[in-house]
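Chain letters run A, B, ... following the sequence lines, proteins first and then strands; every chain starts at 1. Worth knowing before you read on, the calculation uses all heavy atoms, side chains too, and leaves out hydrogens, waters and symmetry mates.
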Amino acid sequence: MTFDVRLLDSTYSVNQKDDGVSEVIVKLFGKTRENKSITILCPDFKPYFHVFEPSPALLKAFKDSPDVLSVEDVTLEYKGSQEKFAKVSVRAPWMVPKFRGQYELKHKTITLVDPPEELVEKLRAEPDVLEVSVLNGGVKVSTEDRVYSQKLINRYGLIAYMDEEDAEKFHTKGVFFAADIVFTNRFIYDHDLETCVRVSGDLMERSNEYTTDLLLKASRFEKCDIFTPKLKILSFDIESSIKYNNIYCICLTVINEEDGSRQDRRIFSEFGARELKISAEEQKARDEDERRILKEFVREVRALDPDVITGYNINNFDLAVLFERANKLFGKGGGKPDEEKKRQSNDELGFGRDTLGMSRRENRTTGFVTWDVKGRLILDGWLSVKKELRPKREGLGYVSTMLFNDTKDNIDSSHMDDEWQARKDEVIHYCLKDADLALRILTHPRIQAISKLMDVAIPAKLPVKEVSGGQNRMIESLLIRMVDREKVAVPMSSGEVYDYEGGFVYDTKPGLWEWVIGLDFSSMYPSQVIKHNICFTSFTKNKAEAAHTSPVGAMFLPTEKRHGIVPRMVEGLLTSRKQAKAAMKKAKEEGNLEQADYYNRLQNAIKIMANATYGYFGTKFCRWPYNRYIAPSITAWARDEIKTVVTTLESRGYTVIAGDTDSVFFTSKEHRDLEKCKLLGFTVQQEFSAGNMHLELEKVMIRFFAHAKKRYFGKIIWPEESLLVRGYEPRRTDSFDLQSETMTKVFQLVLDGKPEEAVNYAKDTVHDTIKGKVDLPRLVISKSVNEFDSYDNPGSLVHVNVAKKLQEMGYDFTPGMKTPFIITNGSAQPQKAEPVIEGVQFTARPDYKYYAERLAMALARITEPFGCDERALIQGNSQRSLEFFCDDKPAPKAEAPVHGANVKKVKQTATLDMFM
DNA sequence: CACTGTGGCCGTGGTC
DNA sequence: GACCACGGCCACGTCA
């Protein structure tokens, strides 16, 4: 049988065969073109890794181990040279980290005791040796990395000259390569599988082990074209007692995209609210009932067999509740009950597509928790809506109202025990409603969390679950395939951290400007990679060979000599993006909007990958040991590129107003209408576009205002009329609506050439605020609150105090979620505020003086050039300058003498007390 | 085992 | 009042 499959997830198992030999089986989960769920079993693939020039002792250790299947000699390129490696294949994936722990060479500096003088001379002559230092009898040899240390040890038998302790560090040790690639990914790379694949094999009898419609034993993989199957999405919500932790009910709702059908399940306790003192007998009966609830949940999910599991804030709440209750009521299953283990699982929660339980993983540094069941994607509606829409508030009720004008039922979640006792049916309805809202959020046209993951999986060539785990996996998926094919070694990350310089930001010329031309380089960083052949395979230390020397001193070979893998990969991405864009255009012309939308999302996904390539080379996770040269060279060349444009324009008498990383905004005295600006813009575009660098005229603005770097707004009149705002409060999620709305209005008035009206509007709004003439919702401020103990001084932060208060009131606190509040005393230290809770009347009095001052402070940054500073906004008197627009220099300030360029602005604080 | 980057503004609390 | 550090969020073409 042959099926076209869209891959969703992968895992493996190690089975004992009848003859006692263990068998490794890779399992792929996916959805067929006919929308059937499928499990694909792939036997006969073995884990392996590479070791650089292993010593005879290490080779013997490998060959003698019963866990090693084979050791082969291979030649791979490393830092531009062909080197000898051993390819070691082992019986099971978990043995790879075991061997690493036992045999990995961790040190690179070699200390020799009384080596012969001639040996020292030979070492000094070695090109790979960085330094040889002699200190009281000992000789210290340092090299660039462990590979070169190993080489010296092998060549000169250096272990014989080490003391016992050092010999221990280097004897029977080796430098491991590619020993950290997840086994199932290794399978995918080696078979060059993509996110869609045609698989042939024997269809097997469905077993209880797997929940999918189909079970196939694979024998062959082939390429197939991309398709997007319809998925089954399950959303769930749990209501539980905050006091006693027991579960009252779990509600599920499932939608099958194939036919739009909908199924609901309500699983709930037979008991009423728990009370503080209960008999041992009742406790026992309640526990048994709750075990039933958990089992029923697992059974329902297995039977419904969804591809995606979602809910609102399930990562922090619902899945954690399931896990804790299962651990308590069934005991821990699956492996060691070790609290310290990074990955824990509970076998009773076997609602994945195989029989393994749900597992928990916690990021050590961020504390971020993720959950996993095999074969199904777990997506959190909260995280999706946060990422896609950046709403000012993040509660389920607020988001639902915003997206579909529907909201939560009215149940007081801070008193769930009372609610369960008083109105069980309403609680169950509320629970199901929440599950439904979460499902609608995930699939909302503005969010489309699943579609987006499916889209990025296409250029990344990975199962959908893989791409939700971070962008480095997508980069490595492409890179490792190319590197393997070309027999280049795949090192492991050193984890080294370092700082380097980023983009160039032009010191903005503040004020109001007319006829501003904006240009930017398309794909600046990827283009620099291509332009200068930046890659770990083309890096050189040989000046004579180098064709490109970056401003930070790194050298790269000419493409004729060695066309780097990274530039070829990036070129491939930019080319396929162009193709996707062309396909989008064609589809649009043919009126196929759905297909046009698909290609649009695809080209966007490719763009993200192209940009992420640069980011990958800037992290400590980057495998290739040139990360100290690659990312800094990319940004340095980019700085040069944009600075050249800026200085050239300035040398011609144009006024550059702003610029950031790859963009430049400038104006010219002689170009004061659209046609002239376009002509000039296109001339500049032409002049600075060469080779693969493309400077593009992006916009012409009739008016443009800025007061600082990354703070500007403008009225675009070409190519289409629109309002541009960057950095200011209307863009920020931690500003209050009154502030955002007032500023937007002021922006518009300024851009329409009506600064007097803008100033008057600003003043009126400030005055209304002082008098309290403003709706409460427009004063709500919302800020993210992290884990309390992550703060230096949590008690001094008003938003942290509000979150603590909410937690004390009995509401669930989620680290990272925004907490809404209204300031009731802005002059107290720390400030005082009251939380804003969905469905609860806000009764406290806002500190109107505080809001008026904050408003005036923000507005003054705009109105100041028009003769109205913060004090004037509040007091009502102002003088206006007659000349609003900047020409070559910023508009003179009307009130104060013109500040020199280096004179700091004097902050003026107005007193509001006279108005109170 | 996790896992993209740097530059920058500004409100706030704290110190001198 | 000046100055600093912290914290949150934003700009980088809609992700640089």
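The pair A/Arg623-A/Asp180 counts as a salt bridge, with a side-chain nitrogen and a carboxylate oxygen less than 4.0 angstrom apart. In this structure, A/Arg861 pairs ionically with A/Glu729, as a charged nitrogen and a carboxylate oxygen lie closer than 4.0 Å. Note on A/Arg732 versus A/Asp734: salt bridge recorded, some NZ/NE/NH1/NH2 to OD/OE distance being below 4.0 Å.
Under 3.5 Å, the side chains of A/Asp520 and A/Ser522 contain no donor-acceptor pair of N or O atoms. No hydrogens or angles considered: nothing links the side chains of A/Glu476 and A/Tyr189 as a donor-acceptor pair under 3.5 Å. Side-chain contact check for A/Ser740 and A/Lys392: at least one donor-acceptor pair (N or O, by modelled atom type) lies under 3.5 Å.
Whole-Å rounding puts the A/Lys832 NZ to B/dG13 C1' distance at 14 Å. As a whole-Å value, the separation of A/Met492 CE from B/dA2 P is 14 Å. Separating the CE atom of A/Met609 from the C1' atom of B/dG5 is a distance of 16 Å, rounded to the nearest angstrom. Following rounding to the nearest Å, A/Asp847 (CG) and B/dG11 (P) show an atom-to-atom distance of 16 Å. Between the C1' atom of B/dG11 and the CE atom of A/Met857 lies a distance of 7 Å, rounded to the nearest Å. The interatomic distance linking A/Gln829 (CD) with B/dT12 (P) rounds to 10 Å, in whole Å. Rounded to whole Å, atom C1' of B/dG8 lies 13 Å from atom CZ of A/Arg861. Taking atom OH on A/Tyr616 and atom P on B/dA2, their separation rounds to 14 Å, with Å as the unit.
Residues of residues 493-507 of chain A that place a heavy atom closer than 4.0 Å to DNA chain C do not occur.
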Considering only distance and modelled atom types, tabulate donor-acceptor pairs under 3.5 Å from the side chains of residues 631-638 of chain A, sequence neighbours left out.
{"unit_1": "A/Ser633", "atom_1": "OG", "unit_2": "A/Ser550", "atom_2": "OG", "d": "2.9"}
{"unit_1": "A/Ser633", "atom_1": "OG", "unit_2": "A/Tyr629", "atom_2": "O", "d": "2.6"}
{"unit_1": "A/Thr635", "atom_1": "OG1", "unit_2": "A/Glu501", "atom_2": "O", "d": "2.7"}
{"unit_1": "A/Thr635", "atom_1": "OG1", "unit_2": "A/Ala631", "atom_2": "O", "d": "3.4"}
{"unit_1": "A/Thr635", "atom_1": "OG1", "unit_2": "A/Pro632", "atom_2": "O", "d": "3.1"}

N/O donor to acceptor pairs below 3.5 angstrom from side-chain atoms of residues 454-467 of chain A, sequence neighbours left out:
{"unit_1": "A/Asp455", "atom_1": "OD2", "unit_2": "A/Arg601", "atom_2": "NE", "d": "2.5"}
{"unit_1": "A/Lys465", "atom_1": "NZ", "unit_2": "A/Asp9", "atom_2": "OD2", "d": "2.7"}
{"unit_1": "A/Lys465", "atom_1": "NZ", "unit_2": "A/Asp372", "atom_2": "OD1", "d": "2.5"}
{"unit_1": "A/Lys465", "atom_1": "NZ", "unit_2": "A/Val373", "atom_2": "O", "d": "2.8"}
{"unit_1": "A/Lys465", "atom_1": "NZ", "unit_2": "A/Arg376", "atom_2": "O", "d": "3.0"}
{"unit_1": "A/Glu466", "atom_1": "OE1", "unit_2": "A/Asn185", "atom_2": "ND2", "d": "3.2"}
{"unit_1": "A/Glu466", "atom_1": "OE2", "unit_2": "A/Arg473", "atom_2": "NH1", "d": "3.4"}

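Looking at heavy-atom distances under 4.0 Å, A/Lys607 makes contact with a base. Heavy atoms of A/Asp792 sit under 4.0 angstrom from primed sugar atoms or phosphate atoms, though from no base atom. A/Ser522 comes within 4.0 angstrom of a nucleotide base, judged by non-hydrogen atoms across all strands. Within the 4.0 angstrom heavy-atom criterion, only backbone atoms of the sugar-phosphate kind lie near A/Gly618; the bases stay farther away. Among the protein residues, A/Gln603 comes within range of the nucleic acid bases, having at least one heavy atom under 4.0 Å from a base atom.
Each of C/dT14, B/dG14, B/dG11 was ranked by its minimum atom distance to the side chain of A/Arg854; first place goes to B/dG11. Listed candidates were C/dC15, B/dC9, B/dG13. Nearest to the side chain of A/Ile608 is C/dC15. When each of C/dC6, B/dA2, B/dC9 is scored by its nearest atom to the side-chain atoms of A/Arg473, the top-ranked nucleotide is B/dA2. Listed candidates were B/dG13, B/dA2, B/dG5. Nearest to the side chain of A/Gln831 is B/dG13.
When A/Ile716, A/Ile717, A/Leu519 are each tested for a side chain to side chain contact (heavy atoms under 4.5 Å, CB included) with A/Lys699, only one passes: A/Ile716. Between A/Asp660 and the options A/Lys709, A/Lys710, A/Arg711, a salt bridge (Lys or Arg N to Asp or Glu O under 4.0 Å) holds for only A/Lys710.
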Protein and nucleotides 8-11 of chain C: nitrogen or oxygen contacts under 3.5 angstrom:
{"unit_1": "C/dG8", "atom_1": "OP1", "unit_2": "A/Tyr791", "atom_2": "OH", "d": "2.3"}
{"unit_1": "C/dG8", "atom_1": "OP1", "unit_2": "A/His799", "atom_2": "NE2", "d": "3.2"}
{"unit_1": "C/dG8", "atom_1": "OP2", "unit_2": "A/Asn786", "atom_2": "ND2", "d": "3.2"}
{"unit_1": "C/dG8", "atom_1": "N2", "unit_2": "A/Arg732", "atom_2": "NH2", "d": "3.1"}
{"unit_1": "C/dC9", "atom_1": "OP1", "unit_2": "A/Ser784", "atom_2": "N", "d": "3.1"}
{"unit_1": "C/dC9", "atom_1": "OP1", "unit_2": "A/Ser784", "atom_2": "OG", "d": "3.2"}
{"unit_1": "C/dC9", "atom_1": "OP1", "unit_2": "A/Lys818", "atom_2": "NZ", "d": "3.2"}
{"unit_1": "C/dC9", "atom_1": "OP2", "unit_2": "A/Ser784", "atom_2": "OG", "d": "3.0"}
{"unit_1": "C/dC9", "atom_1": "O4'", "unit_2": "A/Arg732", "atom_2": "NH2", "d": "3.3"}
{"unit_1": "C/dC10", "atom_1": "OP1", "unit_2": "A/Arg390", "atom_2": "NH1", "d": "2.4"}
{"unit_1": "C/dC10", "atom_1": "OP1", "unit_2": "A/Arg731", "atom_2": "O", "d": "3.2"}
{"unit_1": "C/dC10", "atom_1": "OP1", "unit_2": "A/Thr733", "atom_2": "N", "d": "2.8"}
{"unit_1": "C/dC10", "atom_1": "OP1", "unit_2": "A/Thr733", "atom_2": "OG1", "d": "3.3"}
{"unit_1": "C/dC10", "atom_1": "OP2", "unit_2": "A/Arg390", "atom_2": "NH1", "d": "2.7"}
{"unit_1": "C/dC10", "atom_1": "O5'", "unit_2": "A/Arg390", "atom_2": "NH1", "d": "3.3"}
{"unit_1": "C/dA11", "atom_1": "OP1", "unit_2": "A/Gly727", "atom_2": "N", "d": "2.9"}
{"unit_1": "C/dA11", "atom_1": "OP1", "unit_2": "A/Arg731", "atom_2": "NE", "d": "2.8"}
{"unit_1": "C/dA11", "atom_1": "OP1", "unit_2": "A/Arg731", "atom_2": "NH2", "d": "3.4"}
{"unit_1": "C/dA11", "atom_1": "OP2", "unit_2": "A/Arg731", "atom_2": "NH2", "d": "3.2"}
{"unit_1": "C/dA11", "atom_1": "N3", "unit_2": "A/Lys710", "atom_2": "NZ", "d": "3.1"}

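For the pair A/Asn793 and B/dG14, the criterion of a side-chain N or O lying under 4.0 Å from OP1 or OP2 is met.
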Starting at the 5' end of DNA chain B, write a dot or bracket for each base, bracketing those in Watson-Crick or G-U wobble pairs whose two distances are under 3.5 Å and using | for partners on another strand.
...|||||||||||||

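For A/Glu571, there are no salt bridge (charged side-chain N to carboxylate O under 4.0 Å, His left out) partners two or more places apart in sequence or in a different chain.
Aromatic pair A/Phe536/A/Tyr626: ring centres not closer than 6.0 Å.
A heavy-atom distance below 4.5 Å is not found between the side chains of A/Lys818 and A/Arg393.
Nucleotides C/dG8 and C/dT14 are separated by 26 Å at their P atoms, to the nearest Å.
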